[in-house]
Amino acid sequence: MVRSIQGIRKPTFRSRLMALANSNYQIVVLLAMTNFDEIWQAKREFKLIKLPAETQNIRLINLADIYADHDGIALSDDDYLTPDLTQLKSYESHAGKLPVTRFVGADGNIVAETLFGEDSTRLHTILFDKNSRIIQINNYDDADKLFGIEKYTNNLLDESLLLNAKGQLVFRFTNYLQPQKKRRMISRIHQ
């Protein structure tokens, strides 16, 4: 199980995969990120690991794969934003290595940005507010189906919605900060 992109980058990750492959185990790696936008990045990092040809049958799955057939509930209108991007001016770009389509509003601000993979499949669409802050990221699977929605407040991930194959809500992951209690210890030095 991998919980972050950094987990794939650790040298021990590759060595553990090799040990399992050498022992003839069938290997499935669960990308268990609740920040769904990291999943496509983790898949990309996984491809960069130099594995021998005999270990190429390793399967990568994520939470959406596991819960695709589970029952869910319908999303409400205020669960996520669904702007009509077809009416906006769009610009194609290849900033970085992957193609990006930016959608610009009448005021000249970027309203949304869609990132595509090397095979032209949609990876995600980022929605921005009037101050160019991220407010939502819609994440898509290899079949171009929406599987996860991330909602942001002040550019910080607030909530992740995991959807099943029918587009119903299966899990709502809420990020929260819990203030840490600080205790000041005063010790008296005895002489």
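Counting begins at 1 with the first residue of the sequence. If you're wondering where the values come from, they're calculated on a predicted model, not measured in any experiment. Any value given below was found using the heavy atoms of this structure, including those in side chains, with hydrogens, waters and symmetry copies removed.
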Polar contact flag, side-chain donor to acceptor under 3.5 angstrom, Glu159-Asn175: no
Stepwise, does the side-chain contact (heavy atoms from CB on, under 4.5 Å) test hold for Leu98 with Trp40? CA-CA 12 Å; Leu98 298 175; Trp40 71 267; 3.7 Å; yes
Within the 3.5 Å criterion, strictly below it, is a donor on Asn109 or Asp107 matched to an acceptor on the partner's side chain? yes
Would you indicate whether the side-chain heavy atoms of Val28 and Ile61 approach each other to under 4.5 Å? yes
Any luck finding a side-chain donor-acceptor pair between His124 and Asp37 under 3.5 Å? yes
Counting neighbours of CZ on Arg3 that are heavy atoms of other residues, nucleotides or ligands and sit closer than 6.0 Å, is the number greater than 12? no
Evaluate the side-chain contact (heavy atoms from CB on, under 4.5 Å) criterion for residues Ser90 and Arg102: first the C-alpha distance (whole Å), next the side-chain angles of each, then the deciding distance (0.1 Å), finally the verdict. CA-CA 5 Å; Ser90 65; Arg102 291 189 176 88; over 6 Å; no
So which atom in Ile137 and which in Asn139 form the shortest heavy-atom distance, rounded to 0.1 Å? O-ND2, 3.5 Å
For the residue pair Glu92 and Thr101, confirm or rule out a side-chain donor-acceptor distance under 3.5 Å. yes
Report yes if some heavy atom in the side chain of Asn62 is under 4.5 Å from a heavy atom in the side chain of Asp65; otherwise report no. yes
Classify the side-chain pair Thr125/Thr114 by whether it contains a donor and acceptor separated by less than 3.5 Å. yes
Is there a side-chain contact (heavy atoms from CB on, under 4.5 Å) between Phe36 and Leu163? Walk through the geometry before answering. CA-CA 11 Å; Phe36 304 128; Leu163 310 180; over 6 Å; no
Can the ring centres of Tyr67 and Phe171 be said to be less than 6.0 Å apart? yes
Salt bridge or not between Asp144 and Arg122? Use side-chain N to carboxylate O under 4.0 Å. yes
Gln136/Tyr80 under side-chain contact (heavy atoms from CB on, under 4.5 Å): CA gap, chis, key distance, verdict: CA-CA 8 Å; Gln136 183 175 299; Tyr80 71 110; 3.5 Å; yes
salt_bridge(Asp141, Lys145) N-O dist < 4.0 Å: no
For the backbone of Met18 and the side chain of Asn22, can you confirm whether one donor and one acceptor N or O come within less than 3.5 Å of each other? yes
Can you see which heavy atom on Leu17 is nearest to which on Val29, and at what distance? CD2-CG2, 4.1 Å
Quick check: does any side chain N or O of Lys89 sit under 3.5 Å from a backbone N or O of Gly108, one acting as donor and the other as acceptor? no
I'd like to know whether CG of Asn131 has more than 12 heavy-atom contacts from other residues, nucleotides or ligands below 6.0 angstrom. yes
